*Asks:* 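Pasting a structure below so you can have a look.
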Amino acid sequence: MSLLHWAILAPFIMAVFVPFLRKKAATIHTGWFVLILPVVLFGIFLQYLPVTMNNSSIIQTASWIPSLGINFTAYVDGLSLLFVLLITGIGALVVLYSIYYLSKTKESLHHFYVYLLMFMGAMLGVVLSDNVVTLYMFWEFTSISSFLLIAYWYNRDRSRYGAMKSMLITVFGGLMMLGGFLVLSIMGDTFSIRELAAQAPELNNHPLFLLAMILVLLGAFTKSAQFPFYIWLPDAMEAPTPVSAYLHSATMVKAGIYLVARFSPIFAFSGYWFWIVGAVGLFTMLWASFNAVKQTDLKGILAFSTVSQLGLIMSLLGVGAASLHFESLDDNIFTTAVIAAVFHLINHATFKGSLFMVVGIIDHETGTRDIRRLGGLMSLMPVTFTLSIIGAFSMAGLPPFNGFLSKEMFFLSMIQLMELNLFNVETWAVLFPVMAWIGSVFTFIYSMIIVFKVFTGKFQPEKLEKKPHEAPVGLLVSPSILAVLVAVFGLFPNLLSYSLIQPAAAAIVPSIIPPGEHLDVHISFWHGFSPELWMTIGVITVGILLYKFMPKWTGIYDYFPGKVTLNQFYNSGLYAAERGSNAITNAYMTGFIRSYLVYIFAFFIAALGFAIWAKDAFRYDASAAAPIGLYEVSLIFVLLAATITILLAKSRLTSIIALGAVGYTVSLFFVIFRAPDLALTQLVIETVSTALFLLCFYHLPKLSRHEEKRRFQAGNAIIAAGVGIIVTLIGISAHSSKLFASINEYYIENTYKKAGGENMVNVILVDFRGFDTLFEIAVLSVAALGIYGLIKLRLEKGGETNENE
Amino acid sequence: MIEAVLQISLVVLAAAMIGLVYRLVKGPTVPDRVVALDAMGVNLVSITAVLSMLLDTSNYLEVILLIGILAFIGTVAFAKFLEKGEVVEYDRDQ
Amino acid sequence: MAFQILLNVFLAFLWMFLQVSFNAHTFIIGYLLGLLVMLGMRRFFKSRFYLHRVWAVIFLFLLFLKELIKANIDVLKLVLRPRLNIRPGIFAFETELKSDWEITLLANLITLTPGTLVVDVSDDNKTLYIHAIDIADVSEAADSIKNSFEKAIMEVSRG
Amino acid sequence: MINLPILPILIPLVAAIVLLFLSKNVQAQRIVSAAAAAFTIIAAFAVMMKVEAEGIQTVDMGSWPAPFGITLVSDMLSIMLVLTASIITFCVILYSFRSIGSGREAFYYYPIVQFLLVGVNGSFTTGDIFNLFVFFEIMLMSSYVLIVIGGTKVQLRESIKYILVNVISSAIFVIAVGYLYSVTGSLNMAHISARISEIGAEPIITVLAILFLIVFGLKGGIFPLYFWLPGSYAAPPAPVLALFGALLTKVGVYAILRTYTLFFYHDQAFTHDILSLLALLTMIAGSIGALAYKDVKQILIYNIIIAVGVLLFGIAVMTEESVAGTIFYLVHDMIIKGGLFLLGGIMIYAAGTSNLTKMGGLIRLYPALGWTFLIAAFALAGIPPLSGFTGKLLIVRAGFEAGEYVGAIIVLLSSLAVLYSVVNLFMAVFWKNPENKLPEEKKQTASLFIPAAILVVLSVLYGVGTEAVYPYVMQAVDALIHPEIYIDAVLKE
Amino acid sequence: MEILMCIVAGLLFAAAVYLMLSKSLLRIIIGTGLLSHGTHLMLLTMGGLKTGAAPVLGEHAAAYTDPIPQALILTAIVISFGVTAVFLVIAYRAYQELGTDNMEQLRGMETDD
Amino acid sequence: MKTNDVIFQTVAKVVFFMIIFFAIHLFFAGHYYPGGGFVGGLLTAGAIVLLLLAFDIKTVQHGFPLDFKWLIGIGLLFSAGTATGSLIFNVPFFTHAYNYFHLPLFGKTSLHTAMLFDLGVYFVVIGVTMTIIQTIGESE
Amino acid sequence: MTAISEVIIAALLLVGAFLTLVAAFGLIRLPDVYTRNHAASKSATLGVMCIMLATFLYFLMEDGLFSSRLLLGIAFFFITAPVAGHLISRAAYNSGVKMWEQSVRDDLKEKKKQKK
C-alpha cells in the first residue's frame, strides 16, 4: 500500500468517520471537515504533474487477490492524472458549494457527505486502477453512490424512480463491461490494462475481439449516457444540485469517456471502434442537443446538454480512430481529435460545472427551475447572471471562452474526416461535419435559452415561491472560480497544452507517438478563416435566427410521438417485465400441486426418454434372469388386481384395505426372493401403517373424487404410464448391463469371520452399514417428535403467540 | 414326491389367493373386504410355509408366526374402525 | 391346583438334584416320576387331582377337533353344492358360564364349529348371539352346544 | 484423533439427543443448542485445518475397509460447506431465541434444528451414495417438521406439497441408487467413480446421470423442478426459512457438483450441455419470479433459484476455473442467503406484514437494519468486493472461455435482475412513504439483528478476504477436477 | 423374472403417479405408499433375484442372495414409514384446519392466509 | 358405541404376552437369524397396539407409566453411545467389539456391542411407534 | 425321512391347500358377509393349521429341527382366528351391513331395539 492507494482509499476512510463528526461537532457544518480532503488530495496529485509531463508514469501495486491476478494496482499517467485533478478539484468546489447549498439543520448531512466521499473515492479508483477488476469494482461503486445521491430525498417518488433508473442502466453497463473485461482477460491472460495494451496487435486478431469491444463499449455508453442509454441522466437530476454538478456533468458521466480513452490503445485500431464510437457519439450529440431545446426545467436542459456534450467528446475519440484503421489517413487526424476531446473534456467540466451551480443558485433563491416561471432576474442577481453568461457562451462555442476553442477543434476533426475515402466520400462522409454542425446549432440555442429565458424578459414574482435576491457569497465562490477558469482557459489555452492535454492525449494512444518525441499540442486562438471558423459563424447566425423565431418551429417536436420515446420504452419495459413476470408466474405457479407434479413428471419423462433415445441406452439381456414360476405369475396378478382396486376404489376404506393387500403381497415377494428380514419388516410396517391410516381416518374426509373430468384423468393416465415405462426401461437396461461384480462377496465372507454374526442383512444393518441405521432411527425420532408437535401445538394465524412471528 | 406336492399346493394356494382378491376387489361391503384381507393373511401364512419347505430353509418360520400375529392385529383394527369409526379410544368409560 | 403343579415341579427338581444332572431331559423324567407318585397319593389332596383337569382339557380339545372337522365338511358341502340351499340367521344363546375366560373359550369354540359364529355378547355376559349358517333347528343347535362345549368347559374350570 | 471428521455430525446429533430430555426447560435448551452449534463450528474448523495440512481425511465407519463399509470423506469442499452450514445454523439458533416463540421451543424446535444440521453436515461429508440418501432423509424429515411445526393454515397447506415432492424425489433417489448399484456393483462413491472411469461413457451411465440430476434438481430447485419451492418456503417462520434457503437447496447443488465431477464426467457433451441449458432456464425463471412478486419472502426465495442457476452453470462449464467459481459462489450464497432471510424476517416483524405495497419508511426507525440489508443486497448481486463477486467472476470468465457466451452473459444479466429485485425491495421497505402511518414506536430488534449482522459481516469478510480463502478453494477444486485424488484418498490404493 | 419384476415395479410406479396426480389428498397419500412399494421391489430386483439361498450363513449354502439391496431396502422401508406417518398426520391436521381435502382448493397463493 | 369386548380383551391379554415374547426372541435372534431391533421393536409396539385396541389409552398408560418420547431419547443414546464409544479407544467411529464368553446358564455366548446398538434401535422403534399412535389416539 | 412321514406330510399339505381353496371358494360363493365369515374363519384356519403342521413335521423329519415357533403359530391361530371372525361379524352387524335376504331370524335386532 503506497501513498497512491491511501489517497484512493482516503475518502472511504473519511466516510466512515463522517457520521461521528456530525455528532461530535454539531455546531459546524460537516462540509467544512469534508472539504479538507479533496483540497489535500488535489495538492498531492498536483505533485505528479511533472512526472506525467515527461510522458512517464507511476505504478504502485498492492495485492488483493494475487492468486487470481486481481491486484489493486494504481497507475498514474497523463490521462488518469487529468481525471484525478478534475475529480478532486471540482470535488473541492462542489463541497464548498454544498456547504452553503444544503442546510445544516434540515438535511441529513452525514448521509450526503458519506455518499459523496464514497463517490469521490470510487471515481479516483476508476481512473487510477490498472487492473480491470478493481476498475470494475470502483465503477460499480460510482453507480451505487450515484444511486444513493439521486435518492437522497428518498421519500420523493421521482427521486427513487430516477435512482433506480440510473442504477439499472449503469449497472447493466457495468456488468456488460465486466463481461468485456473478462473476455479480454481470456484473450490476453491478464487483468492489467497496460499488459493488455501491450498485446494489442495480437488481440486484434482474436475471434473474441469484437465481443469484448462491444461489451466494454456498453459499459462506457451507459455510464456516459450515450444514445440510447442516456435516458437515466435527465431523471438523475432529482439529486441535489451539487451532486448534479459533480456527478452528472463533471466527473462520473465522464468515466465512460475515460474508459473509451483508456481502452483506445487496445481497440482503436479496429474499424468497428471508429464506426460504433463515432456514430453513436455524434448521433447522441445531435439528438440530445435537439431534445434539450424543448426542455422547460433548467436542470433538464443541462442534463440533455451534458448528454450532447458527452456525445461530442465520444465522437471525437471514435472519429479520430478512423485514421488508425484506414491506411489512407494520416495519424495526425487522430491526434487532433484526441487533443480536441481532452481539451473539451476539461472545458466541459468547467463551464457545465459552473452552469449547474448557477442553476442551483437560481433554484435555491427562487424555489423553481421552470423557465416558464422565471424571467427578468438580471437586475436582481447580477453576479449570477454574469456567471451564467460566461458558462453558456462557452458552451455555445462563442469566443473568447474555452468552449469556442474546443468546438473549433471538433469541427476541424470532422472536416478532416472528409478526406477519408469512405464509400464515396463526397456523398456520405460529409454527413459527419453536417451532423456536428446541426448539433452545434441546437447547442447554441439552448445555451441562449438558459441565459435569456431566465435573466431577461418579464419578471414574474407571483409565480415564484420566494422573493429572489442575489445569492450569498459562499454560494457564488465555486461557480465564480469555474467561470474564471472558463475565461482563462479560453484566453490562454496553452496553460493547459503541455501540462495536462499533451500528457493525457499521449496516454490515450501511446503507440502512435514515435519514441522520445512529444505530441505537438498548440492551441491557438486565431487560425485564419478556416472552414471551421466559417462553421462557427454559421452556427451563430442560424442559431440567433432560430432562437428569435422559436415559437414558429418548435411545433416539430410534436411530430415526435410521446409514446415511442426511449423513456416510455424504459417505463413500459419495466412495467411489462413486472406485469409479464407476474402473469407468467401466476400462469405456472398455480398453487395446485398437480400442476407442479405434471411439470416434474413431464420433465422426468422427456429428459430420460430423450437420454435413452439419444444414447441408445436400452439393453435387454435376460440370460442371467431367474426362472419364472406359475405361482409367481399368479401372485403378480394378485398384486396388480389389488393395485387396480386402489385406483378404482370409491371408498377410502377399500383403498386402504387394498393397499394393505398390496403390501402383504409385496412381502410375499420378499419371501420368494429370499429376503426373510425384509419380509418380516415389510409385514410389520405394513400393519402399523395400516393402523396409522385407520387412526387418522377418523379425521379424514370421505374419499371424494372431486368430479375429475375425463380429460383430466386421461392426462394423468398418460403421464403415469410414461413414468412407469421410463422406470421399467431403465430398470431393464440397468439389470442387463451389470458391468461389475458386486461387492457383496466381502460380506458373505466376513459376516461370520470378522463381524461375528450369521444373518448378513442384520450384520450389515448394525455393523457394516450401522452408520445408516443410526441416522435412520434418527429420522424416525424426528418423525415422532414432529407428529407430537403437530398434534399438540396449535398456533393461531402466523403463530403469533409471543415475541413475534 | 414332496417336491411335486409342494408345487401343487403352491399353485392351489395361489389360485385361492386370486379368489380372495376377487372378493377383495368386488366387495361389496367393506366388511367383506376385511374378511378377504384376513383370509389373505392366513393364505399368506400357508404360502410362506410351503415356500420354506420348498426352499428348504428355516428362515421363514419367523415370518409365518409374524404374519399370523399381524393379520390378527390388522383385522381387529379394521373391525374396530368399522364399528366405532376410531381405532384407539382415549377412555372407554366415557 | 396350583399347589399340585408346584409340588410336581419341586419333585422334578428334587429328582434332578438326586441325579446330579441338570438338563431338560432329567427334568422331564423327574416330572413324570413325580406325577406318578402324586397319582398314587391322590386321595391325600383336598382338591381333585390336577391330571384330571388335564384330561378334561385333552377331552375338550379332542371334542373340539372333531367338531372342527365336522364343521369343515359342512362348509365344504355347502360351498360345493351347486345350489345354495341355506337359511342363515342369528339366535340368542343363554350360557351359564361366568368368568371372562370361560366365555371367551366358549365363544371361540362355537365360532370354530359347524355353522355357528358368535356375533355379539350381551353386556351382562349372559347371552351369546350366534349366527348360524343354516338355522334349521335352533333348539337342537343350542342343546348340542350346551351339552358338549359348555359341559366340557365346566369340567375344566370347575372340576 | 482419527475420528475428527465425524465430529461435525456427531456433536449436533448428541446435542439433539440431549435436547430431547430438556423439552420442559426452554432456557437450558437454548444454552445447549447454541453451545452445540458453537462446538460444531470449532470442530469443523479443526477438520478444515487438518484437511488443509494433510489432504483429504477419511474415516471408515466401523473400521470396515473402504468400498465395503461406509466411509466419511472430508475433502476441502465438504468441510468448507460443513463449516459454513454450522455457522449459519449457529446464527439461526441465536436468532430463534427471540423470534420462534415459546410454543415451538417447547415442542422440540431446537433438537430438530440440530437434526437438520446433522443431515446437512452428513450429506456434505459422506462418501457413500446410499448413506447420502439417509442423510438427505434426515435433513428432509427435519425440514418437514420445521416447515409445519406450529400448524398454521399456510404451513399445513404448503407442507403437503413440500412433502409430496420430496417423497417423489426420495423414491427416485432410491431407484437411482439401485440402478447404479446394478451397473457398478458398489455403493462407495470413490469406488463407483473408479469403476465408471474404467468403462468410460456407457450409455446407461449417461441416463443415470440425468436421473440423478432430476433427484438432486428437485432438492436444489432447478428449472422445471423448482415449482414447489416458492410456495413451500414462504410458509415457515423466518429462521426456518433462513435455514432452508441457506442450506437445503445448496445440499442439492452440492450433490450435483459431487456426482457430476466424480461419476458423470465422461459424456460431458451430453450431460453438461443439458445441465447448462437447465442452468440458463433456471436463472431466467428465477429472475422472472423475482420480478413478479411484491412480497419480501417471495422475492428473496426467487433469488435462491437464480443463485442455483448460476451455480449450475458453473458446474456445467466444468473447467477448473468454473468449479472454483462455483465453490466460491456456493459458500457465498449460503452465508448471504442466511443473512438476507434473517434480515427479511426482522423487516417483516418490524413492519407487521410482508407485503411490499403495505410497507415503507422503515429507514427512520431502523437505519442499521436498512444499511445492512442494502450491503447484503449488493453482496447478493455480486458487487465487488463483496462476497458474491469472486465466484461470479470466475464462473463468467470460465463460461466465456468455454465458449458459452450466451450463458455467461445471462449470468451477468441475472445479477442485474437480482440487483433490481432486492434494491426495489429495499426502496419499498425502507424509503417509500408507507400507505398507512407507521407505528412511531421502535420494536426491539437488537437481539434479532445481531445474528443476521454476523452473517452479513462474514459475507463481507469473505469477499474482501478472497485471497485468504483462495488456497482452500483451490484445494477443493483440485480434488473435484481430479477424481483420482479423491479415489486414492478413499480407497487408499 | 427380473424383467417381469421391472415391469411390475414400473406398473406400481405408474399407479402411484396416477394417484398422486388426482385431487384427493387421501389418494395422494396412498399413492406415496404404492410408490415406495414399487421402489423397494425395483431395488431388490436390481440386486438380482433368486441367485442363492437367503443371506443367512447358518444355511451353509453354496451361494447366497445379494444381501446389500436387502439391507438398503430395509432402511428405505423404515424411512418411508416415518415419512408416511408424518404425511398422514399433516393431512389429517390440514383437513381439520382447512376443511377440505381437495388439493385444487388447497392452492393458496402468496399471502392469503 | 359401547360394546362388550370381553372375548377380545381376554384373548388380547394372552396374545399380548405371546407377541412380546416373540418380539424379544426376534430381537435376540437378529444377529444370527432373521429379526433384529427393528422388527422386534415394531412387534413390541404392535403388541401394545393390540392392548390399545382392546382397551383404551388410559388403561394402557396406567399399565406402562412411561413417556415414550423419553424412550426415543434413551434409545438414541444407546445407539449413538455405542457408536461413540469407539472414540474413546481411538478407533474409527462405530467400530464394534465382540467376544465369546462362557456364562453360567447360557453357555458359550457371544457378547457383541452391536447388540447394544440394536437395543437402542429397539427402544427407538418402540418409542417412535408408540409416540405416534398415542399422540394421534389422544387427539380425538 | 421315512416314507410314512412323507405321506403324512403330503396328505396334510394337500388337505390344507384344498381347505384353503374351499375357503376362498366359499368366500366367493356365499351370499353375505356373515356366511362368508363362516368359510373364512373355519376352513381357512383348519387349512393353515394343516399346512403348518405339515411344515413342522417336515422340518422335524428333515432337519431334526423342533420348531417351537410353528407350534406357537398353530396355537396362536387357534386362539385368534375365531376372535377375529367374531369381531368382524360384530363390526359388520354394528356398522349396519344387512343380512342376506333369505335369512330367517335375527335375535340380535331385538336386543338392539331394546337398548334404544
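Just so it is clear, the values below take in all heavy atoms, side chains as well, and ignore hydrogens, waters and symmetry mates. This is a predicted model, so every value here is computed, not measured.
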*Asks:* Can you find a pair of side-chain heavy atoms, one from E:L44 and one from A:L678, that are under 4.5 Å apart?
*Replies:* yes
*Asks:* Checking heavy atoms, do the side chain of E:L4, its backbone, both or neither come under 4.5 Å from chain A?
*Replies:*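 Looking at E:L4, just its side chain touches chain A.
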*Asks:* By a 4.5 Å heavy-atom criterion (distance strictly below it), what part of E:M20 contacts chain A: side chain, backbone, both, or neither?
*Replies:*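 When you check distances to chain A, atoms from both the backbone and side chain of E:M20 fall under 4.5 Å.
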*Asks:* Any heavy-atom pair between the side chains of A:F670 and E:H40 that's under 4.5 Å?
*Replies:* yes
*Asks:* Which region of A:V761, side chain (C-beta onward) or backbone (N, CA, C, O), has a non-hydrogen atom less than 4.5 Å from a non-hydrogen atom of chain E, or is it both or neither?
*Replies:* both
*Asks:* Please state whether the side chain, the backbone, both or neither of A:L640 comes within less than 4.5 Å of a heavy atom of chain E.
*Replies:* side chain
*Asks:* Does any backbone or side-chain atom of E:T45 lie under 4.5 Å from a heavy atom of chain A? Answer side chain, backbone, both or neither.
*Replies:* backbone
*Asks:* Can you tell which part of A:F601 gets under 4.5 Å to a heavy atom of chain E, answering side chain, backbone, both or neither?
*Replies:* side chain
*Asks:* Report which part of A:L780 has an atom under 4.5 Å of a heavy atom belonging to chain E: side chain, backbone, both, or neither.
*Replies:*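 Contact with chain E is through the side chain of A:L780 alone.
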*Asks:* Could you state the interatomic distance from CE (E:M5) to NE2 (A:H735), rounded to the nearest 0.5 Å?
*Replies:*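 It comes to 12.0 Å.
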*Asks:* Need one label for E:V8: side chain, backbone, both or neither, based on atoms under 4.5 Å from any heavy atom in chain A.
*Replies:* side chain
*Asks:* Name the region of A:E632, side chain, backbone, both or neither, that has any atom closer than 4.5 Å to a heavy atom of chain E.
*Replies:*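 Only the side chain of A:E632 comes within 4.5 Å of chain E.
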*Asks:* Among the options A:V666, A:I644, A:V688, pick out the one with the most heavy-atom pairs lying under 4.5 Å from chain E.
*Replies:*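 Max contact count across the listed options: A:V666.
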*Asks:* First locate atom OH of E:Y64, then atom CD1 of A:I748, and finally report the distance between them rounded to the nearest 0.5 Å.
*Replies:*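 Spacing of OH (E:Y64) from CD1 (A:I748) equals 8.0 Å.
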*Asks:* Going by the rule side chain to side chain contact (heavy atoms under 4.5 Å, CB included), which residues pair with A:Y620 if we only count those two or more places apart in sequence or in a different chain?
*Replies:* A:F618, A:A622, A:I732, E:I3
*Asks:* Would you please test A:Y747 and E:I68 for side-chain contact (heavy atoms from CB on, under 4.5 Å) and show each step?
*Replies:* CA-CA 9 Å; A:Y747 300 111; E:I68 299 174; 3.3 Å; yes
*Asks:* Using heavy-atom distances under 4.5 Å, tell me whether A:I636 contacts chain E through its side chain, its backbone, both, or neither.
*Replies:* side chain
*Asks:* Heavy-atom distance under 4.5 Å to chain E: side chain of A:L639, backbone, both or neither?
*Replies:* side chain
*Asks:* Between A:R674 (side chain) and E:D66 (backbone), is there a donor-acceptor pair under 3.5 Å?
*Replies:* no
*Asks:* Report which part of A:V598 has an atom under 4.5 Å of a heavy atom belonging to chain E: side chain, backbone, both, or neither.
*Replies:* both
*Asks:* Is there a side-chain contact between E:Y92 and A:I791 in this structure, where contact means two heavy atoms from C-beta onward sitting under 4.5 Å apart?
*Replies:* yes
*Asks:* At a heavy-atom separation under 4.5 Å, does E:L34 approach chain A through its side chain, its backbone, both, or neither?
*Replies:*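 Both backbone and side chain.
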*Asks:* Which bit of E:M42 is near chain A, if near means a heavy-atom gap under 4.5 Å: side chain, backbone, both or neither?
*Replies:*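 For E:M42, the side chain is the part near chain A, not the backbone.
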*Asks:* Give a yes or no answer on whether the side chain of A:R769 reaches the backbone of E:A71 with a donor-acceptor pair at less than 3.5 Å.
*Replies:*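 Side chain of A:R769 to backbone of E:A71: no pair is present.
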*Asks:* On a heavy-atom basis, which atom in A:A720 and which in E:A14 lie closest, and how many Å separate them?
*Replies:*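 The pair with the smallest heavy-atom distance is CB-O, 3.1 Å.
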*Asks:* For A:T773, is it the side chain, the backbone, both or neither that has a heavy atom under 4.5 Å from a heavy atom of chain E?
*Replies:* neither
*Asks:* Grab the two heavy atoms, one from E:V78 and one from A:E776, that are nearest each other, plus how far apart they are.
*Replies:* CB-OE2, 3.1 Å
*Asks:* Determine the sole option in E:L26, E:L88, E:I90 for which the side chain to side chain contact (heavy atoms under 4.5 Å, CB included) test with A:C696 is passed.
*Replies:* E:L88
*Asks:* With only heavy atoms counted, which part of E:T75 is less than 4.5 Å from chain A, the side chain, the backbone, both or neither?
*Replies:* both
